[in-house]
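Written below as structure tokens is the structure these notes are about.
Whatever order the structure lists ligands and atoms in, that order sets their numbers, starting from 1. Sequence positions, counted from 1, serve as the residue numbers for this chain.
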Amino acid sequence: MKIVIVGGGTAGWATALMATKRHPNHSITVIESTKIGVIGVGESTTGYLTDILVNHGADFGCDHDEFIIETGATLKYAIKHKGWTNDIDDYYLGPIDGSQTKEATPDALFAYGLNRLHPKELVNVSQCGYWIDKGVSNFKKDTNQFANYRHAMHVDAVLVGKYFKKKCLVEKNARHIDDEVVDAILDERGFIKSVVLKSGGVVEGDLFIDCSGFSKVLMKHMPGNKWVSYQKNLPLNTGLPFQLKYKQHEVPEPYTTAWAQKNGWMWQIPLMDRKGCGYVFCDAFTTPDKAQEEIETILGQEIDPIKVIKFDTGRQDSAWINNCITIGLSSAFLEPLEATSIHSTIVQGRTLIFEYIKSTIDDTVNLGSQNIYNQRTRKMFDDVKDFLVIHYMGGRSDTEFWKYINTGVTKTPYVEDLLEMAKHRLPTSHDFPRYAGSAGWALYSYVMAGINRLNNANALTELDLAVPMHGNLRDITAQAYYDLQDEFAREIRNYQSYEQFINYFRKIRADRGLSN
Ligand SMILES: Cc1cc2nc3c(=O)[nH]c(=O)nc-3n(C[C@H](O)[C@H](O)[C@H](O)COP(=O)(O)OP(=O)(O)OC[C@H]3O[C@@H](n4cnc5c(N)ncnc54)[C@H](O)[C@@H]3O)c2cc1C
């Protein structure tokens, strides 16, 4: 089977890498236009990227340490959400791993933490939160190896794409064309037969994967293609990326910062050599010039925006039509909050390559597979939409933008129900979507607590209700919390500080001439 991928960003090369290695009998052609370039603003990711590197790294020819060295990635244990309520200097941390009892009903440690701990100590019921609190990394002192891989990463998407490209192009079944796709030729059934290049060439294929980013170069030709906009629920539509340099010896934080502003929020993503930053806002409330001024005031320094990026939050109605499948920004974009873009790109790519692509075109392209893949993809993005919408429900009301949010117009039905339910009972893991890659209770819980949308008094009642089955869960949990702290403390004795981890990899990068 001939598979043609259009696009050489993270989506294109991650998909191509998985496809070449997993399907050595299919030929994989990647067409990218280096003149057009890729999006790459300093990206925060989820544990999914780490998982691919660690669990499939050997199969893909990737190595986690090498990835850090070559791309300048850093470890991410949480997101720090600042200014999302009317107390605009306040913040909360959302660790990426949730609590240690997150799969139980009730989530006993989290409930205990809510009711009994100071809000800033709540992170300590999570392992990643504990590491942040103690300033350690999960990188071992004695061996300079990772003790585990329970982290996510901050990355530069441009370098990630290059890393995957290098790994991909060593394969015999991989082919690379640097040219611009200017047209797609469809047969009478509406299937793509070939794509036409600016240079005049024509590339034929059986299956076409559109990883062309916001330009949706192939999908826009497909019969019945439709963009489902999420603007009503997620109204931000403009990004103003910029970079911040570190001061001498400054150590990056082990978390992403999502700092709410007057008309949206600012991301700060600490990479090895710089911070990737940007302001995402809604252009109905401010302009790029005013947005820049706003950020310069809050940071107390001038910034140099790289470009203005316009986007329409939403997804394809069908990510897969006939023999064309979209992956990456061409498939969906829901704004950068919670780092769901590269995450969902990898989920989509992995699902397609591992589960749906078969030996023959007939076993791969059929209406049943197409419909079920589309249902899964729609659900994943619609669920992410709910998760992002709830972040804005902290009641901040100091500007027209936040007053607009407070009218309730952006709420989805699920968010409405969840907020109402949370007044009466603590949600459990079963109240949230549960499938590979979903944002479950672990992530929702800290956000809802952070924006004061959980009824903390109910937290212990939940434990009391569980008494007939589990004994005195309230006492058991208090003990479990102290035992957990001891366990965490024992574990980190052999861990390097976060600063030592950074210095170790900074030195290797400098020795190899890779630092900026
Ligand atoms: C403001 C902003 C902030 C973001 N922050 C995050 C974040 O924190 N975390 C996260 O996970 N993600 C984030 N993202 C998304 C992330 O950058 C993308 O998911 C990731 O870079 C993958 O993009 P892509 O490969 O789909 O598209 P792109 O990077 O845009 O790549 C598209 C490719 O298609 C090629 N191409 C386009 N047209 C043609 C043509 N006609 N012919 C040939 N080739 C063509 C381009 O040259 C390029 O190679 C953010 C995005 C934006 C806009």
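The shortest contact between atom 22 (C) of ligand 1 and any protein heavy atom is with Thr10 CB, 3.8 Å. Considering only non-hydrogen protein atoms, atom 46 (C) of ligand 1 sits nearest to Gly37 O, 3.0 Å. The nearest protein atom to atom 35 (C) of ligand 1, hydrogens excluded, is given as Gly7 CA, 3.8 Å; this is a heavy-atom distance. Remark: minimum distance from atom 26 (O) of ligand 1 to any protein heavy atom is reached at Leu329 N, 2.9 Å. Closest protein heavy atom to atom 39 (C) of ligand 1: Ile36 CD1, 3.6 Å. At the top of the distance list for atom 3 (C) of ligand 1, counting protein heavy atoms only, stands Pro336 CG, 3.4 Å. Of the protein's heavy atoms, Ile39 N, 2.9 Å lies nearest to atom 29 (O) of ligand 1. Of the protein's non-hydrogen atoms, Ala11 CB, 3.9 Å is the one closest to atom 24 (P) of ligand 1.
Ring centroid separation for the pair Phe139 and Phe505 comes in under the 6.0 Å cut-off. Aromatic rings of Phe401 and Phe281 (six-membered ring for Trp) have centroids beyond the 6.0 Å cut-off, not under it. Ring pair Phe354/His56: centre-to-centre distance below 6.0 Å.
Side-chain N/O atoms of Asn138 and Tyr77 include a donor and acceptor closer than 3.5 Å. Side-chain contact annotation: His64 with Thr50, donor-acceptor N/O pair under 3.5 Å absent. Of the N and O atoms on the side chains of Gln261 and Tyr279, not one donor lies less than 3.5 Å from an acceptor on the other residue. Neither side chain, Glu294 nor Thr286, offers a donor N or O lying under 3.5 Å from an acceptor on the other.
Where the criterion is an N or O separation shorter than 3.5 Å, residue side chain and backbone included, Gly8 meets it with respect to ligand 1. Between Ser341 and ligand 1, at least one pair of N/O atoms sits closer than 3.5 Å. The shortest N or O to N or O distance between Ser33 and ligand 1 is under 3.5 Å. Considering backbone and side-chain atoms together, Ile309 places no N or O closer than 3.5 Å to any N or O of ligand 1. The distance criterion of under 3.5 Å between nitrogen or oxygen atoms is not met by Gly42 with respect to ligand 1. Geometrically, ligand 1 and Ser44 share a nitrogen or oxygen pair separated by less than 3.5 Å. Of the polar atoms of Glu43, at least one N or O is found under 3.5 Å from an N or O of ligand 1, judged by distance alone. Considering backbone and side-chain N/O of Phe333, none are found under 3.5 Å from N/O of ligand 1. Considering backbone and side-chain atoms alike, Val181 places an N or O below 3.5 Å from some N or O of ligand 1.
The ligand atoms of ligand 1 that sit less than 4.0 angstrom from a heavy atom of Ala157 are 21 (O).
Remark: Glu66 engages Lys167 in a salt bridge, criterion side-chain N to carboxylate O under 4.0 Å. Of the charged side-chain nitrogens involved, none lies within less than 4.0 Å of a carboxylate oxygen, so that Lys220 and Asp210 do not count as a salt-bridged pair. Taking the charged nitrogens against the carboxylate oxygens, Lys290 and Glu293 have no contact shorter than 4.0 Å, which rules out a salt bridge.
Tested against Arg175, the residues Thr29, Ile28, Ile31 include a single side chain to side chain contact (heavy atoms under 4.5 Å, CB included) partner, Thr29. A salt bridge (Lys or Arg N to Asp or Glu O under 4.0 Å) with Glu70 holds for exactly one of Arg512, Lys162, Arg509, Lys166; it is Lys166.
Contact annotation for Cys211 and ligand 1: only backbone heavy atoms (N, CA, C, O) come within less than 4.0 Å of the ligand. Contacts of Ile342 with ligand 1, taken as heavy-atom pairs under 4.0 Å, involve both backbone and side chain. At a heavy-atom distance under 4.0 Å, only side-chain atoms of Ile269, from C-beta outward, approach ligand 1.
For Asp179, the closest heavy-atom approach to ligand 1 falls below 4.0 Å.
For the pair Arg376 and Tyr356, the cation-pi criterion (under 6.0 Å, within 45° of the ring axis) is not fulfilled.
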